[in-house]
2 protein chains.
Amino acid sequence: MVRPGGRSARVQEAVHAAVRELEAESGREALTVPQIAARAGVTPSTIYRRWGDLRELLSDVAVERLRPEVPPENRGGLEADLEAWAEQFLDEMSSPPGRAYIRDALLGDPDGSNAGQCSAYAADQIDVILGRAAERGEPVPDVERVLDGVVAPMMYRILFRPGLLDPAYARRLVDDLLG
Amino acid sequence: MVRPGGRSARVQEAVHAAVRELEAESGREALTVPQIAARAGVTPSTIYRRWGDLRELLSDVAVERLRPEVPPENRGGLEADLEAWAEQFLDEMSSPPGRAYIRDALLGDPDGSNAGQCSAYAADQIDVILGRAAERGEPVPDVERVLDGVVAPMMYRILFRPGLLDPAYARRLVDDLLG
DNA sequence: ACCTTAAAGCAAACATGTTGCGTCAAGCGT
DNA sequence: ACGCTTGACGCAACATGTTTGCTTTAAGGT
């Protein structure tokens, strides 16, 4: 049972904070459960019991970091909005830390919802953009089409073809979709 | 130095075989380095020194299993060829073992070439299909377009949106691309 | 046949992951 | 407000996995 505001919640936050701190200090590869536990002021067994293993914990933390913090910028038109969003998305996700978070998010339980959350965040952002365009009376594509035509190709390159990324790629995908 | 045909090669093959056997017998999650080493008749330290850790080893093995064994079926026309290939690809890759291999392949060294190989295999298969179509005089899209329009969306769903897959999806992607 | 050297074996030191059991505190009923 | 119930945590012993220095083996070159 997770009791919000209680000890459980404090421990969870302390552990997540410890992961973020140690990741920043010593790098992604150096993380170990005992180290994280020590920094968070808990015993390793607490972490093992709650998360199972390091992968699940990192997956948890990664998903939090992938959550967008602000709604997508409003530039006044569907194409401009989508292009700006896609460019920023590609930029953030293709950076070394961005890629690490994506990989971590994919690592958790295959049937867990972490990877799904990741996609849902993107879908939400796109939904906002499309909603605004619809209010303006512009013709809008389906969210699914944007995921297939813009998000998926960018993710595919990030994951499977490192090094083949330039900022114009995001714009090209949006243009192809809307044109 | 890797001496083909020498002891190194024998050890590598023994270890890979051990991974495949144990994976089939005891399941993906139960694999450990000492267990694999015992089955392969080598010491754990050999595996650690050659591959670094279990992830790299599994990544290696996974890439091998993802290599297509036969050229894509020839059905006499570009659209039919691509549809058949995409459908089979989706079917294989979205199965539980297929997804496990993809995840393993992605897990290796981020700057290693394992994930890239994975994409290269698909590109090769597509290249064969497009080459045959070109010989027939059909107009053919770029390999890149097929990767972006067909492979990437399928992979995206497999990785990030489990459960949203039906066989017709592959055909729809091909139709949208060629139509 | 003899060197050279990369790779493998071995074993001990080390770190990490696991588990049983006692304790603690959050939420709940009285 | 008080005590009860129950999940989560700490602790410590244990099991398992990982790393490392050194030795031995065998492939390939001379």
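Only this structure's heavy atoms are used, side chains among them; waters, hydrogens and symmetry mates stay out. Just so we're clear, the structure is a prediction, and the values are computed from it rather than from any experiment.
In the model, B:S59 has a side-chain atom that pairs as donor or acceptor with a side-chain atom of B:N114 under 3.5 Å. A donor-acceptor contact closer than 3.5 angstrom is absent between the side chains of A:Q117 and A:R67. For B:Y156 and B:R161, the side-chain atoms include no donor-acceptor pair closer than 3.5 Å.
With distances taken from any side-chain atom of A:V42 to the nucleotides D:dG10, C:dA8, D:dG17, the minimum falls on D:dG10. Taking only side-chain atoms of B:S8, from C-beta outward, the nucleotide of D:dA27, C:dA26, C:dA7 with the closest atom is C:dA7.
Atom pair A:I47:CD1 and C:dT19:P shows a separation of 17 Å (rounding to whole Å applied). Rounded to whole Å, the distance from CZ on A:R50 to P on C:dT18 is 17 Å. As a whole-Å value, the separation of B:D53 CG from D:dT19 P is 8 Å. We find that CD1 of B:I36 is positioned 12 Å from C1' of D:dG17, with the value rounded to whole Å. Rounded to whole Å, atom P of C:dT18 lies 15 Å from atom CH2 of A:W51.
Along DNA chain C, the nucleotide nearest B:T46 and the nucleotide nearest A:L54 are compared for position; the residue whose nucleotide lies closer to the 5' end is B:T46.
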Is there any protein nitrogen or oxygen under 3.5 Å from a nitrogen or oxygen in nucleotides 10-14 of chain C, and what are the pairs?
residue, atom, partner, partner atom, Å
C:dC10, N4, B:S45, OG, 3.1

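The side-chain heavy atoms of A:D60 and A:V19, taken from C-beta on, include no pair separated by under 4.5 Å.
In terms of heavy-atom proximity, A:V140 sits nearest to A:L130 at CG1-O, 3.6 Å.
Screening B:R99, B:R65, B:R28 for a side-chain hydrogen bond (donor to acceptor under 3.5 Å, both in side chains) with B:D104, the sole residue that qualifies is B:R28.
Note on A:R10: every side-chain N or O is 4.0 Å or more away from OP1 and OP2 of D:dA8.
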